[in-house]
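Have a look at the structure below, then the notes.
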Protein chains: 2
Amino acid sequence: MKTQSCTNPSLARQAILAHSFAGAEPQMGSVQNFVQDREIFAQGAAAEYFYKVVSGVVRTCKFLVDGRRQIDAFHVAGDIFGLEPGAERPLSAEAVCDCTVIAYRKNRLDGMAVHDKNLSWELLSFAMSGMEQAREHSFLLGRRSAVEKVAGFLLAWAEKSQRDSMISLAMSRQDIADYLGLTIETVSRTLSQLERDNVIDLPSVRQIHVLNLELLEDLAA
Amino acid sequence: MKTQSCTNPSLARQAILAHSFAGAEPQMGSVQNFVQDREIFAQGAAAEYFYKVVSGVVRTCKFLVDGRRQIDAFHVAGDIFGLEPGAERPLSAEAVCDCTVIAYRKNRLDGMAVHDKNLSWELLSFAMSGMEQAREHSFLLGRRSAVEKVAGFLLAWAEKSQRDSMISLAMSRQDIADYLGLTIETVSRTLSQLERDNVIDLPSVRQIHVLNLELLEDLAA
DNA sequence: CGGGATTTTGATTCCAATCAAGTCCGGTGG
DNA sequence: CCACCGGACTTGATTGGAATCAAAATCCCG
């Protein structure tokens with residue numbers, strides 16, 4: 001599995017913010033490419049840059065001592081990631097599939113934000129929406145059954161990546177499992193069960209066709 | 001259980017931000033008191049105000065259709081809550097114990113932030129740290145055992161509320177359970193187990209004495 | 001001292017993890 | 001073109017940990 005299709009026509013939630021960086025001064029940031037599974041930055045490293053996804057999908061995650069991995073979020077085209085308070089990375093970022101990002105220096109931001117009130121407003125709304133997304137992730141992880149988690153994930157990803165009934169997953173089952181706090185087997189079983197129940201169809205491993213959206217939404221509780 | 005002691009000498013993480021609201025123009029906000037379990041605002045309501053905790057503890061939470069409750073966060077003196085993007089409350093806020101808060105109009109903020117760049121900077125750092133805390137909550141909820149969750153919670157609460165080895169809980173077992181995605185029985189059992197293992201001592205229901213901090217930290221993984 | 005809520009403890013059940021084979025690809029080389 | 005290979009995914013059998021169901025103990029307050 002090297003060349004996984006990774007189309008993300010994505011109308012990212014944070015595109016508004018991204019806009020001002022990308023549009024106004026393209027020379028401000030440097031374009032970088034990463035092949036699948038390449039690390040973009042590591043947990044614990046110095047946080048000099050933040051990034052905007054141009055194409056592809058990026059995961060931010062944390063590794064525990066015992067080898068467990070928890071995925072914090074998936075970022076698609078237009079999303080900003082790697083912008084946190086603190087000089088040290090609280091989590092790593094990796095390319096889920098081949099992808100292109102733009103890196104911006106964090107330290108430039110401080111100065112700019114002070115002068116440009118529009119920018120600082122956008123920054124604030126970025127942070128707010130980041131807060132909101134982290135919150136929603138928490139709710140997915142709370143006392144919910146495997147079905148609720150998987151259904152919730154599918155709906156969230158469908159919204160994030162596109163809006164028709166054909167969902168194309170950029171990430172592996174393991175990624176999904178690590179995002180939902182489940183095992184790969186449970187994710188697989190749950191998807192199979194949803195297919196058996198005619199909620200979804202799985203024409204190929206990474207393609208999901210939603211047959212019964214209403215039911216899927218009910219299952220997400 | 002009406003009058004639960006709720007002392008929070010708390011050097012809240014976000015006190016810096018709170019400062020500018022509280023200090024400079026106290027007349028800006030209105031002081032409000034809430035008795036234990038009183039709702040401060042409801043999920044779905046219009047979000048006109050945001051709040052700063054003066055004393056006591058506030059919980060923000062979400063209610064699911066089937067009656068399950070998930071607690072998003074506990075807020076102590078100095079913390080800001082109820083400041084989210086969107087005009088509608090994504091979650092409710094309730095008084096964990098009798099408490100005092102200051103309410104500020106959200107709409108004034110926009111104008112103010114534009115003029116006062118210092119304020120907008122503080123707002124940003126509030127949002128950032130909110131993002132960070134939501135993320136950490138996610139990590140507590142991910143694939144972790146009951147012991148890891150409870151130990152993690154104790155450490156986080158100890159840091160939030162005070163820093164010596166005697167932790168005083170403001171919240172009920174049910175609150176803790178709903179925060180950690182566990183049942184009240186499991187929380188209780190886990191605490192008992194920690195006591196049996198001489199990691200903590202439970203002189204009273206809401207008082208926890210940490211006997212072996214290192215071990216507790218290990219258990220939190 | 002009594003009564004109700006909260007918490008603890010115990011017994012059992014159930015869901016998801018673990019352990020263990022299989023199956024399905026996509027890619028490679030004969 | 002086909003056999004083979006290896007990784008990702010699926011499926012099956014069993015185990016384990018937390019939920020559930022149920023009851024006792026404790027605390028708080030009148």
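As the structure is a prediction and not an experimental result, all values here were calculated from the model.
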How close or far is atom [atom2] of [N] from atom [atom1] of [X], stated in whole angstroms?
X: L169(A); N: dT10(D); atom1: CG; atom2: C1'; answer: 16 Å
X: I208(B); N: dT7(C); atom1: CD1; atom2: P; answer: 12 Å
X: L202(A); N: dA8(D); atom1: CG; atom2: C1'; answer: 14 Å
X: Q207(A); N: dA8(D); atom1: CD; atom2: P; answer: 19 Å
X: D175(B); N: dT7(C); atom1: CG; atom2: C1'; answer: 14 Å
X: Q36(B); N: dA5(C); atom1: CD; atom2: P; answer: 14 Å
X: I176(A); N: dC9(D); atom1: CD1; atom2: P; answer: 8 Å
X: R173(A); N: dA16(C); atom1: CZ; atom2: P; answer: 17 Å

Might you point out which heavy atoms bring [X] and [Y] nearest each other, and give the distance in Å?
X: L202(B); Y: E195(B); answer: N-OE2, 3.1 Å
X: M166(B); Y: P203(B); answer: CE-CG, 4.2 Å
X: C99(A); Y: G56(A); answer: CB-CA, 3.5 Å
X: S138(A); Y: H137(B); answer: OG-ND1, 3.9 Å

Of all of residues 180-197 of chain B, which get a heavy atom below 4.0 angstrom from DNA chain D, listed by number?
-> G181(B), L182(B), T183(B), E185(B), T186(B), R189(B)
Using a strict 4.0 Å threshold on nitrogen-to-oxygen distance, state whether E48(B) and R105(B) make a salt bridge.
-> yes
Indicate yes or no: does D178(A) engage R59(A) in a salt bridge with an N to O separation below 4.0 Å.
-> no
May I ask you to list the residues of residues 143-152 of chain A, by number, that have any heavy atom positioned under 4.0 Å from an atom of DNA chain C?
-> S145(A), A146(A)
For the residue pair F81(B) and Y51(B), categorise the inter-ring angle as parallel (less than 30°), tilted (30 to 60°) or perpendicular (more than 60°).
-> parallel
Does S92(B) reach the main-chain N or O of Q43(B) with its side chain, forming a donor-acceptor pair under 3.5 Å?
-> yes
Any sub-3.5 Å donor-acceptor pair from E84(B)'s side-chain atoms to P90(B)'s backbone N or O?
-> no
